[in-house]
Asker: 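Here it is: the structure, laid out below.
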Amino acid sequence: MKKKVTFIVPSWHYYLDPFKHQPYWELYYATHVRDQEFDVDIFDMRTDQKDSFQNQLEKIKQSDFYFFWIFKTGDAKEIYSISHFLKNKFPECTIAAGGTHVDMCQDECSEFFDSLVIGSGENSFVNIINDKNKNELKKIYNTNYKEIPFLNTKFPDRSFLSREKIVNKKLFDQYGDYDGTLVYFSRGCIFKCAYCTYNVPRLLQVKSPEMIKDEIKYLKENYQINAILVKDEVAISPNEKISTQTLEAIKSSEVKWRGQTISIANYNQLKLAKESGCMELAVGVETVDNNVMKIIDKQWQNEKIIKDFIDNCKKLDIKVKLCLILGLPGEKDDILEKTIKFLEKTTPDYVSVSGFLPVPGSPIAKDPKKYGIKSIDKNWSKYGHLLYRFSEEEEVGLPFEYETNGKHLTQDKIKKNLKDLQNWLGQRNLTY
């Protein structure tokens, strides 16, 4: 009899609308496991709030294996609780987890899971099943991402979930009537920003042009999409040869798209992006203060580079969404005023503001004293960063405090800056 395997998607409690995005990595790994002739499904904990979290738990059916991919630390506490519930209800089951949070918190995660997937999971999840069947289950399954280059790995089969959980009009509703979905055409990042752990792996693995075209064709034929959200950490590769191949592949597929990139994308790259159907680029500027940029290891960026990027996008009629973080080390009392002046001068089309998080594994979290941080709260449920974006009551984040020596902003000051900036942006319709 085939072993039953269930991948579980957490509730994404920090999102106002958790159905706006899709669980790409759960779909991706479920596809790879099913291809090895196992009976695989996905249980989706996301809810429209008509159903309680406990009721959702009770609906999970018995499986031989339960797998998680903890991409964001903000999901960790909830996933720990799901694992605990399942182990009590189905004591013979095997539970494993991988993802960035697991990579960075192996000792902690080992308390909640039978096995940990460190690094890439394409082979590890399958190996866990086979080893368990041979009574040879290991605690750690470690695969270097370089061993699985992503170039031609199979893209996710979306049929594990219903169409309404894969396609929606919300991803592009500021641009018109588009049926959109989410894709990754690369994984990893070559940069080492001090606040970030999404540079896992520490290299940029890019899909081949053929696989990009095949995935878009699959989505168009099976889901009638006409737009894609490219969720890559860096959608326009710093390597111009690679970015050209990727953008040409998207261009030949005739879809509209938006994605995120970095501010060093040059005019020629942006021109090809426009020709390929790009409607909007989110750019991770993070801060407008040059000193803060140095502190967070983003010194390759400065005000001129950011302004040139925005100006080039405007020339090409690509909308710009500026992504900022408030609460970073090195901010002074005038950071709010500086930020607003910068926004008034550069006039991006949209702005997204987050609160700083010292996520585990990041350089800042590894050496908090170096950055003036006195304490870090490891209650992972507080590791949402969308403070005051949707309402003034929304306060999930800032799980840390700086030293009270006059050199750093207080938590109350950071919160006030976030609230004031969100209000300023909302009054000018700069958020969505």
Asker: Aromatic rings Y29 and W69: how do their planes relate, parallel, tilted or perpendicular, breaks at 30° and 60°?
Answerer: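 Answer is tilted, since the angle falls between 30° and 60°.
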
Asker: Please name all residues satisfying side-chain hydrogen bond (donor to acceptor under 3.5 Å, both in side chains) with S243, sequence neighbours left out, ordered by chain then number.
Answerer: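 Residues passing side-chain hydrogen bond (donor to acceptor under 3.5 Å, both in side chains) with S243: Q269.
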
Asker: Enumerate the ring pair (Phe, Tyr, Trp, His ring centres under 6.0 Å) contacts for residues 262-295, please, sequence neighbours excluded, ordered by first and then second residue.
Answerer: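 Not a single pair qualifies under ring pair (Phe, Tyr, Trp, His ring centres under 6.0 Å).
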
Asker: Do the rings of Y402 and H408 sit parallel, tilted or perpendicular, given the 30° and 60° boundaries?
Answerer: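 Rings of Y402 and H408: parallel, under 30°.
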
Asker: Would you please name every residue forming a side-chain hydrogen bond (donor to acceptor under 3.5 Å, both in side chains) with T31, sequence neighbours left out?
Answerer: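 Listed in chain order: nothing, the list is empty.
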
Asker: What do the steps show when you test R428 against E344 for salt bridge (charged side-chain N to carboxylate O under 4.0 Å, His left out), and what is the final call?
Answerer: CA-CA 11 Å; R428 289 157 180 81; E344 289 175 333; 5.4 Å; no

Asker: Can you tell me which residue pairs pass the ring pair (Phe, Tyr, Trp, His ring centres under 6.0 Å) test with a partner in residues 277-319, sequence neighbours excluded?
Answerer: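 Residue pairs passing ring pair (Phe, Tyr, Trp, His ring centres under 6.0 Å), neighbours aside: F191-W300.
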
Asker: With sequence neighbours excluded, what pairs up with D17 under the side-chain hydrogen bond (donor to acceptor under 3.5 Å, both in side chains) test?
Answerer: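 Applying side-chain hydrogen bond (donor to acceptor under 3.5 Å, both in side chains) to D17 gives K170.
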
Asker: Could you tell me whether the side chain of E233 and the main chain of G188 form a donor-acceptor pair under 3.5 Å?
Answerer: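 Checked: no pair found.
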
Asker: Once you measure the plane-to-plane angle for Y15 and H21, does it fall in the parallel (<30°), tilted (30-60°) or perpendicular (>60°) bin?
Answerer: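 Correct class here is tilted.
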
Asker: Tell me the salt bridge (Lys or Arg N to Asp or Glu O under 4.0 Å) pairs involving residues 262-285, sequence neighbours left out?
Answerer: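 Salt bridge (Lys or Arg N to Asp or Glu O under 4.0 Å) check on residues 262-285 returns K251-E275, R258-E280, K271-E275, K274-D317.
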
Asker: Determine whether Y350 and Y432 satisfy the following criterion, ring pair (Phe, Tyr, Trp, His ring centres under 6.0 Å), listing intermediate values before the conclusion.
Answerer: CA-CA 8 Å; Y350 301 105; Y432 67 84; 4.9 Å; yes

Asker: For H32 and Y28, take the angle between the two ring planes, folded into 0 to 90°, and tell me which bin it lands in: parallel under 30, tilted 30 to 60, perpendicular over 60.
Answerer: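 Taking Y28 first and then H32, their aromatic rings sit tilted (interplane angle of 30° to 60°).
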
Asker: Parallel, tilted or perpendicular: which fits the ring planes of F125 and F67, with parallel below 30° and perpendicular above 60°?
Answerer: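 It falls in the tilted class, 30° to 60°.
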
Asker: When the ring planes of F71 and Y184 are compared, do they come out parallel, tilted or perpendicular, using 30° and 60° as the limits?
Answerer: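 Perpendicular.
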
Asker: Take K332 and D334 through the test salt bridge (charged side-chain N to carboxylate O under 4.0 Å, His left out) and record every step on the way to the result.
Answerer: CA-CA 5 Å; K332 303 298 183 186; D334 64 348; over 6 Å; no

